[in-house]
Amino acid sequence: MDISELIDCVDREGRLLADAAARAGVDAPVPTCPKWQVHDLVSHTGRVHRWATRVVAEGLAEPAPFTPDPQLSGEALLEWFRDGHRALVEALRTADPELACMTFLPAPSPLAFWARRQAHETAIHRADAESALGGELTPVTPEFAADGLDELLAGFHAMERSKVRTETPRTLRLRATDGDAVWTVRLSDGVPRTERVADGAADCELSGPVTTLYFALWNRLPLSTLGTTGDPELARLWQERGGI
């Protein structure tokens, strides 16, 4: 996806998050984040937005201190969130394409990194806000879902901090049933290695529409929403250790 499309997603997803939070109420529990209520979710995402805005707007080469909790509630908290979200979208849209600043995952450019990271950060937490309402999640486009799976698998889970590991080598395959997207994740006692290929046998395959794969692999839908063939222990391993 190009940068402008990702920034549009940041804009859309933040608006949906605020709307869902307002309808649920800030005291509602968040089923996808069992220790949180909506006010915790709104505060967290708003703080991330302000932190990212500062990195982009100031071109920071080192991480900035994380934004403090605003200690707000009710409509005041939601308005604080909306203000920070608007500032983030503006900072991304007006940033120099040659922006130089810190990043923490591979990307074509720092601006591409921050647009992508904040698009998926906001979309996943929008799903959290909608979980407080019950019912189905607002879908994302297949292209956006595939991009988010790429970031999760080849970005976050290519880092040493990934806990998705096995004592003996195993292979987990993820297959989109509404297109040709396939991810093969090779697990071992080291960092997982992901390729966009379908080569070789897999010990377990999870399949479903790519948008369902997206939310399920980010642990916002139960893995039971996916088709599973092979060893279900690998699916359980992901559910237990795949959180970011």
Charged N to carboxylate O below 4.0 Å: is that the case for [X] and [Y]?
{"X": "Arg93", "Y": "Asp8", "value": "yes"}
{"X": "Asp150", "Y": "Arg196", "value": "yes"}
{"X": "Arg86", "Y": "Glu79", "value": "yes"}
{"X": "Asp19", "Y": "Arg23", "value": "no"}
{"X": "Arg50", "Y": "Glu58", "value": "no"}

Self-check item: Test applied, ring pair (Phe, Tyr, Trp, His ring centres under 6.0 Å); reference residue, Phe81; option that passes from His49, His39, His44
Solution: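 The residue from His49, His39, His44 that satisfies ring pair (Phe, Tyr, Trp, His ring centres under 6.0 Å) with Phe81 turns out to be His49.
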Quiz item: Does the side chain of Thr45 pick up a donor-acceptor pair with the side chain of His85 at under 3.5 Å?
Solution: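 Short answer, no.
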Quiz item: Parallel, tilted or perpendicular for His125 and Trp36, by the 30°/60° rule?
Solution: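 The rings of His125 and Trp36 sit tilted, inter-plane angle from 30° to 60°.
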Quiz item: Leu221 pairs by side chain to side chain contact (heavy atoms under 4.5 Å, CB included) with which of Leu226, Thr211, Thr212, Leu213?
Solution: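 The passing option is Thr212.
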Quiz item: How about Glu136: does its CD atom have over 12 heavy atoms from other parts shown lying under 6.0 Å from it?
Solution: no
Quiz item: Is the count of non-hydrogen atoms from other residues, nucleotides or ligands lying under 6.0 Å from Asp2 atom CG greater than 12?
Solution: yes
Practice problem: If a pair satisfies side chain to side chain donor-acceptor pair (under 3.5 Å) and one of its residues is in residues 230-244, list it, with sequence neighbours excluded. | Solution: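 Passing the test, one end in residues 230-244: Arg170-Asp231, Glu233-Arg236.
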